[in-house]
Amino acid sequence: MTPDIQAPRGTQDILPDEQPWWDYVRDTAERLCGKFRYAQIDTPMFEDVALFKRTVGDTTDIVQKEMYVFKDRGDQELALRPEGTAPVCRAYIEHGMHNQPQPVRLFYITPIFRYDRPQAGRFRQHHQFGIEAIGDASASADAETIEILWRLYEELGLTGLTLNLNSIGDADCRPRYLEALRDYYADKLDRVCRDCQARVERNPLRLLDCKNAECQDVIAGAPAFTDYLCDACGDHFSQVSGYVEALGIPHVVNPRLVRGLDYYTRTVYEVQPEEEGGQSTVGGGGRYDHLIEQLGGRPTPGVGFATGIERIILNMKRQDVPLPSASQLDVFVVCASAAARVFAFKLASDLRRGGISALVGDSTRSLKAQMRHASSLDAAYAAIIGDRELESASVTLKRLADGSQETVPIGDVAAHVQA
RNA sequence: GUGGGCGUAGUGUAGUUGGUUAACACGUCAGGUUGUGGCCCUGAAGAUCGCGGGUUCAAAUCCCGUCGCUCACCCCA
């Protein structure tokens with residue numbers, strides 16, 4: 001039945017049955033972060049809009065059409081967080097983290113909001129696990145983030161993934177490349193789509209990842225950024241590749257890889273599953289060497305990634321990745337009368353304090369009904385308390401798997417269950 | 001934002017050349033005598049057929065709108 005009010009478009013309830021997937025992914029991510037000594041950070045769900053306009057970029061889709069923007073009662077212009085990196089950098093500055101040993105390694109697991117048209121693997125509220133290594137300009141930092149992302153998928157059991165790697169240069173060489181790109185497109189405008197015609201001026205890098213069929217020929221012949229990198233960027237890129245190579249992480253250099261956020265410099269990367277579909281990317285990231293200063297901090301390099309938890313789970317399900325077995329209810333206490341029920345309550349309480357999970361049945365329901373209930377909850381044991389047991393301060397303990405049962409003193413239940 | 005498909009009990013489905021009490025499975029609850037599960041049997045509850053409007057003597061079945069889901073585009077996680 002559809003209720004009058006339902007979850008807003010593009011949002012979803014994550015029901016109890018789904019939670020094991022989420023727990024598994026979160027636990028794996030957190031454990032991995034621990035090994036690399038990344039510490040968790042939580043930032044507010046909403047921020048000053050300016051934070052995103054300034055960093056993500058005014059011409060990007062995220063800012064232009066996907067942000068949830070609103071004014072609060074004090075006329076503050078706020079935005080629901082559309083991505084995770086800028087807020088973390090804001091916090092880095094605000095809390096003087098440059099005074100800590102660099103780089104500062106941070107991770108987050110948090111909801112992200114984008115006003116997109118929903119489809120499989122794409123939501124208006126989704127969740128990202130992301131990390132940021134701030135304060136390290138070296139190529140090894142890039143490689144470290146790539147390794148974490150790759151190991152995460154590996155540990156979760158995802159297969160068939162492709163790591164795409166590219167460099168989009170820096171303030172030094174990017175203008176030169178963009179000029180070359182514009183020159184190349186100058187006499188081909190009649191052969192590309194309308195979007196691309198506009199991109200030539202507004203956002204030329206994005207020309208490269210246009211998926212329109214009519215534009216593919218032109219893209220194929222376009223100059224590659226890797227041929228235009230300045231010495232420093234070229235050097236950095238080959239070092240990153242070298243590290244990734246040394247770690248044994250398979251990857252391809254994809255000169256057409258461009259990310260949709262303006263703050264990236266040099267290294268950009270994305271991981272894609274074999275199975276094509278609306279959502280081709282499970283995770284992506286890159287370096288952002290000017291983001292901190294754009295926000296008023298002292299010039300500080302940074303690198304990080306974000307990966308979508310919904311998409312990870314989607315791909316795990318597609319690949320039939322097994323989940324660690326769920327925990328089982330240890331004891332269901334069946335009680336035959338109101339008096340027995342009080343007794344049962346006390347027993348369950350004692351068991352739980354001893355680390356055993358326990359539930360008590362409804363004494364107004366028949367023993368048979370309670371037993372059925374125990375069975376459908378998949379309890380390991382049913383502990384039956386009736387008049388006989390009350391008199392002798394004992395319980396009839398039945399192992400549901402094989403139907404065997406014995407009467408044990410009330411104090412021995414825990415030991416029997418744990419055995 | 002653009003285009004295509006879809007929308008029936010908690011879940012999965014049947015029912016559409018419009019015609020009396022909308023069907024089935026699973027699930028839920030109860031019962032199959034005397035203190036006991038899983039299988040089996042019986043029964044019950046549970047759907048204003050997404051919502052609103054229209055056509056008609058009559059609509060779950062036709063038309064329009066709307067909301068939502070879904071696929072593709074766009075973009076991304």
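Convention: sequence-line order gives letters A, B, ...; per-chain numbering from 1.
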Undergrad: Write down the distance separating the P atoms in G3(B) and C74(B), rounded off to the nearest Å.
TA: 16 Å
Undergrad: Looking only at the aromatic ring of each residue, does the gap between the centers of His290(A) and Tyr263(A) stay below 6.0 angstrom?
TA: no
Undergrad: Please report the distance separating the P of G18(B) from the corresponding atom of C57(B), rounded so that it comes out in whole Å.
TA: 15 Å
Undergrad: Taking the six-membered ring for Trp and the single ring otherwise, decide whether the centroids of His251(A) and Trp150(A) are under 6.0 Å apart.
TA: no
Undergrad: What's Glu310(A) touching, base or sugar-phosphate or nothing? Going by heavy atoms closer than 4.0 Å.
TA: nothing
Undergrad: Cation-pi check for Tyr115(A) against Arg124(A): NZ or CZ below 6.0 Å from the six-membered ring centre and within 45 degrees of the axis, yes or no?
TA: yes
Undergrad: Taking donor-acceptor contacts at under 3.5 Å, does the side chain of Gln64(A) reach the base of G1(B)?
TA: no
Undergrad: Measuring only the C1' atom in each nucleotide, how far is G50(B) from U70(B)? A whole number of Å is fine.
TA: 15 Å
Undergrad: Could you tell me whether the side chain of Tyr184(A) and the main chain of Val218(A) form a donor-acceptor pair under 3.5 Å?
TA: yes
Undergrad: With rounding to the closest Å, how many angstrom separate the P atoms on U20(B) and U11(B)?
TA: 27 Å
Undergrad: Identify which nucleotide among G35(B), C69(B), C74(B) has an atom closest to any side-chain atom of Pro118(A), counting heavy atoms from C-beta outward.
TA: C69(B)
Undergrad: Please give the distance between the P atoms of U2(B) and G65(B) as a whole number of Å.
TA: 14 Å
Undergrad: Suppose we call a contact any N or O donor and acceptor under 3.5 Å apart; does that hold for the side chain of Arg122(A) and the base of C74(B)?
TA: yes
Undergrad: Rounding to an integer number of Å, can you tell me how far Arg311(A) CZ sits from C75(B) P?
TA: 13 Å
Undergrad: Quick one: Arg124(A) CZ to C67(B) P, roughly how many Å, whole number?
TA: 11 Å
Undergrad: For Phe107(A) together with Phe36(A), are the ring centres under 6.0 Å from each other?
TA: no
Undergrad: So, Glu132(A) versus Tyr288(A): side-chain donor-acceptor pair below 3.5 Å or not?
TA: yes
Undergrad: Rounding to a whole Å, what distance do you find between Leu400(A):CG and C39(B):P?
TA: 13 Å
Undergrad: Enumerate the side chain to side chain donor-acceptor pair (under 3.5 Å) contacts for residues 383-401 of chain A, please, sequence neighbours excluded, ordered by first and then second residue.
TA: Glu389(A)-Thr396(A), Ser392(A)-Ser394(A), Arg399(A)-Asp402(A)
Undergrad: Pick the closest RNA chain B nucleotide for Ile384(A) and for Gly10(A) by heavy atoms, then say which residue is nearer the 5' end.
TA: Ile384(A)
Undergrad: Measuring from the side chain of Arg9(A) (C-beta onward, heavy atoms only), which nucleotide among A72(B), C74(B), G68(B) has the closest atom?
TA: G68(B)
Undergrad: Please give the distance between the P atoms of G46(B) and G35(B) as a whole number of Å.
TA: 32 Å
Undergrad: Once you apply the 3.5 Å cut-off to both distances, tell me the Watson-Crick or G-U wobble partner of G52(B), or none.
TA: C64(B)
Undergrad: If we take the C1' atom in both C40(B) and G19(B), what is their distance in whole Å?
TA: 40 Å
Undergrad: For Gln12(A), answer base if it contacts any base atom (sugar-phosphate contacts may also be present), sugar-phosphate if it contacts only those atoms, and nothing otherwise; contact means non-hydrogen atoms under 4.0 Å.
TA: nothing
Undergrad: Return yes if some donor-acceptor pair links the side-chain N/O of Arg114(A) with the main-chain N/O of Gln125(A) below 3.5 Å, else return no.
TA: no
Undergrad: Expressed as a whole number of angstroms, how long is the span from Leu15(A):CG to U11(B):P?
TA: 10 Å
Undergrad: For Ala7(A) and for Arg114(A), locate the closest nucleotide of RNA chain B by heavy-atom distance; then report the residue assigned to the nucleotide nearer the 5' terminus.
TA: Ala7(A)
Undergrad: In the structure shown, which nucleotide is the Watson-Crick or G-U wobble counterpart of A44(B), with both distances under 3.5 Å?
TA: U28(B)
Undergrad: Please report the distance separating the C1' of C51(B) from the corresponding atom of A59(B), rounded so that it comes out in whole Å.
TA: 16 Å
Undergrad: Heavy atoms only, 4.0 Å cut-off, all strands: where does Gly284(A) land among base, sugar-phosphate and nothing?
TA: sugar-phosphate
Undergrad: Going by purine N1 to pyrimidine N3 plus the second Watson-Crick contact, or the G-U wobble pair, all under 3.5 Å, which nucleotide sits opposite U20(B)?
TA: none
Undergrad: Below 3.5 Å is the cut-off: list the nitrogen or oxygen pairs between protein and nucleotides 29-31 of chain B, distance only.
TA:
{"from": "C29(B)", "atom 1": "OP1", "to": "Arg365(A)", "atom 2": "NH2", "distance (Å)": "3.4"}
{"from": "A30(B)", "atom 1": "OP1", "to": "Arg365(A)", "atom 2": "NE", "distance (Å)": "2.9"}
{"from": "G31(B)", "atom 1": "O6", "to": "Arg372(A)", "atom 2": "NH2", "distance (Å)": "3.2"}

Undergrad: What is the distance, to the nearest angstrom, from the CZ atom on Arg117(A) to the C1' atom on C67(B)?
TA: 12 Å
Undergrad: What is the base-pairing partner of A58(B), counting Watson-Crick and G-U wobble geometry with both distances under 3.5 Å?
TA: none
Undergrad: Is there a Watson-Crick or G-U wobble partner for U33(B) with both distances under 3.5 Å, and which nucleotide is it?
TA: none
Undergrad: Of the nucleotides G37(B), G35(B), U70(B), which one has an atom closest to the side chain of Arg388(A)?
TA: G35(B)
Undergrad: Students often get this wrong, so: under 4.0 angstrom with heavy atoms, is Ala306(A) touching a base, only sugar-phosphate, or nothing?
TA: sugar-phosphate
Undergrad: Is the distance from the ring center of Tyr228(A) to that of Tyr177(A) below 6.0 Å?
TA: yes
Undergrad: Quick one: label Ala383(A) by what it contacts on the DNA or RNA (base, sugar-phosphate, nothing), any heavy atom closer than 4.0 Å.
TA: nothing
Undergrad: Check whether any side-chain N or O of Thr28(A) sits under 3.5 Å from a backbone N or O of Tyr24(A) as a donor-acceptor pair, and report yes or no.
TA: yes
Undergrad: Given A72(B), is OP1 or OP2 found less than 4.0 Å from the side-chain N or O atoms of Gln119(A)?
TA: yes
Undergrad: Please determine whether any donor N or O and acceptor N or O are separated by less than 3.5 Å between the side chain of Gln405(A) and the base of U36(B).
TA: yes
Undergrad: Please determine, for the side chain of Met371(A), which listed nucleotide (U70(B), G37(B), C74(B)) has the closest atom?
TA: G37(B)
Undergrad: Does C69(B) have a Watson-Crick or wobble mate here (both distances under 3.5 Å), and if so which one?
TA: G5(B)
Undergrad: Please classify the nucleic acid contact of Phe129(A) as base, sugar-phosphate, or nothing, using heavy-atom distances under 4.0 Å.
TA: nothing
